[in-house]
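Written out below as structure tokens is the structure these notes cover.
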Number of protein chains: 2
Amino acid sequence: MGIADRKERDKEELREKILVAAKSLFLEKGVEKTSIRNIADQIEYSPGIIYHYFRDKNEIFHALHQGGFSQMMEKMQVLRSVRNPMERLKAMGSIYVGFALENPDMYDLMFIKEAPIDHVYNSEHDNWKEGGGTFEYLRMTIKECAEQGHFKGHDLEPLTYLIWSAVHGMVSLNIRKRCEVVLPERQNTIIREGLEEFFKILDRL
Amino acid sequence: MGIADRKERDKEELREKILVAAKSLFLEKGVEKTSIRNIADQIEYSPGIIYHYFRDKNEIFHALHQGGFSQMMEKMQVLRSVRNPMERLKAMGSIYVGFALENPDMYDLMFIKEAPIDHVYNSEHDNWKEGGGTFEYLRMTIKECAEQGHFKGHDLEPLTYLIWSAVHGMVSLNIRKRCEVVLPERQNTIIREGLEEFFKILDRL
DNA sequence: TGCTTTATTAAACAGTGTTTAATTATTTTT
DNA sequence: AAAAATAATTAAACACTGTTTAATAAAGCA
């Protein structure tokens with residue numbers, strides 16, 4: 001069975017090559033402006049071959065999309081050592097922002113780019129990787145905060161959404177270049193400073 | 001000179017027709033998926049004619065982009081009657097969200113879609129229409145709140161950015177369909193509920 | 001009327017995603 | 001080892017895209 005295995009590996013290898021090439025091109029020129037022919041050129045194969053490994057361009061997008069969530073969850077692992085839920089919540093915000101600033105194009109892919117319409121939620125669909133897991137973790141953390149006496153008088157589900165939105169908003173406005181309206185001398189630091197203000201607010205809730 | 005005037009009007013008329021067609025198509029199918037030929041078909045002219053009125057597709061995008069800000073500022077006019085700055089701030093949030101939910105595709109155009117790279121900030125560039133005015137107004141309102149004793153211990157510039165981001169975040173996550181992670185029964189109301197939580201927080205600052 | 005300018009178009013160019021049929025390479029069977 | 005079957009890969013085509021060009025039609029003016 002070694003031969004079949006090796007063939008399987010070879011196939012997997014080319015699939016991986018396509019993904020690596022697609023990722024570098026997507027992040028460099030954007031999804032829309034990267035053509036199948038560009039990817040084929042990079043891996044030195046004909047364009048047609050790509051359709052033997054992915055149904056269409058969207059499927060390539062999705063494969064990378066999933067990879068992004070794995071990558072982010074990886075970074076979140078350090079939160080395990082943070083016992084105090086409010087500290088954990090704030091640390092989560094820092095990690096989230098850090099990930100977004102270090103991988104702006106991947107973040108764009110994950111949270112800003114329009115999700116292709118034909119995104120079918122089949123049985124194999126792993127909600128954890130697709131971001132639901134991260135939100136679930138945020139929800140749990142906020143619930144723990146509430147149990148420790150925070151967020152009195154608040155409805156936790158919309159509050160969770162608001163907290164996520166605040167951080168996402170700062171990051172996405174920056175990524176999509178809507179920050180020119182901010183005072184020029186503060187544009188580079190506005191996200192981290194905004195996060196600081198956010199922490200001050202959270203501490204008082 | 002009447003003839004020249006009429007010609008001017010006719011020209012303006014076709015320009016307007018192109019914009020109306022482009023807008024309806026952009027909002028219906030998205031900018032990327034609307035072709036010049038689609039627009040030409042809709043106005044029953046040949047594709048080439050469009051390049052006599054707009055340099056390229058981006059210029060059409062920008063014309064609509066600007067129109068969106070005028071539209072939004074229009075809605076903001078009612079704020080003039082709100083004397084209390086904190087009430088005005090909250091009302092601003094409601095109007096902002098209202099505009100976004102009523103015109104999701106226009107909002108997308110204004111705040112989410114990647115701004116074309118070649119967006120040159122020339123002397124005629126009207127910062128007011130381009131959104132800087134709205135942010136300036138938000139900044140002033142928050143400053144007034146501070147003068148009335150709110151936001152003690154906060155740095156107002158990043159706080160302003162944070163407040164904008166919170167509202168933008170909620171709206172943009174919704175528009176780009178990242179809300180499936182929210183409890184299903186609350187997805188439709190999550191933005192307005194999130195805004196309510198936000199107001200509760202603001203009231204205590 | 002003929003001449004000039006303007007408005008409009010048809011056609012072409014170089015690019016796109018995707019599908020098809022043909023070709024090459026590899027594995028399996030005889 | 002030769003032939004048949006299967007898989008991997010490609011070249012070519014199709015129907016699109018944004019944009020530019022040169023040709024045509026229309027309008028205004030002399």
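Since the model is a prediction, treat every value here as computed from it, not as a measurement.
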### Task
Provide, to the nearest angstrom, the distance between the CD atom belonging to A:E13 and the P atom belonging to D:dA8.
14 Å
### Query
In whole Å, what is the span from the NZ atom of B:K17 to the P atom of C:dA7?
16 Å
### Query
From C:dT8, C:dT16, D:dT19, pick the nucleotide closest to the side chain of B:Y53?
C:dT8
### Query
Would you say the ring centroid of A:Y107 lies under 6.0 angstrom from that of A:Y96?
yes
### Query
Any side-chain heavy-atom pair from B:E197 and A:L162 closer than 4.5 angstrom?
yes
### Query
To the nearest angstrom, how far is A:I49 atom CD1 from C:dT18 atom P?
16 Å
### Query
For A:E32 and C:dG17, what is the distance between atoms CD and C1' respectively, to the nearest whole Å?
11 Å
### Task
In sequence, state the C-alpha distance, the side-chain angles, and the governing distance for B:M110 and A:R178, and then conclude on side-chain contact (heavy atoms from CB on, under 4.5 Å).
CA-CA 9 Å; B:M110 292 160 69; A:R178 259 66 172 193; 5.7 Å; no
### Query
From the list C:dT9, D:dT19, C:dT18, which nucleotide is the closest neighbour of the side chain of A:D56?
C:dT18
### Query
Is there a side-chain contact between B:M106 and B:F69 (heavy atoms, below 4.5 Å)?
no
### Task
For the residue pair B:Y161 and A:C179, establish whether any side-chain heavy-atom pair is separated by less than 4.5 Å.
yes
### Query
Taking C-beta and beyond as the side chain, do A:M92 and A:Y137 meet within less than 4.5 Å on heavy atoms?
yes
### Task
Taking only the side-chain heavy atoms of A:S35 (C-beta and beyond), determine which of C:dG17, D:dT9, C:dT18 contains the nearest atom.
C:dG17
### Task
Return the nearest nucleotide to the side chain of A:I36; candidates are D:dT20, C:dA10, C:dT18.
C:dT18
### Task
Measure the distance from CD1 on A:I50 to P on D:dA11 and round it to the nearest whole Å.
14 Å
### Query
Among residues 37-44 of chain B, which residues get a heavy atom nearer than 4.0 Å to DNA chain D?
B:R37, B:N38
### Task
Determine whether A:S35 and A:K57 make a side-chain contact, defined as any pair of heavy atoms from C-beta on separated by less than 4.5 Å.
no
### Task
Report the distance from atom CG of B:N58 to atom P of D:dT19, rounded to the nearest whole Å.
7 Å
### Task
Taking only the side-chain heavy atoms of B:H52 (C-beta and beyond), determine which of C:dT9, D:dG18, C:dT18 contains the nearest atom.
C:dT9
### Query
Atom OH of B:Y51 to atom C1' of C:dA11: distance rounded to whole Å?
15 Å
### Message
Can you measure B:K57 atom NZ to D:dT20 atom P for me and round it to whole angstrom units?
### Response
14 Å
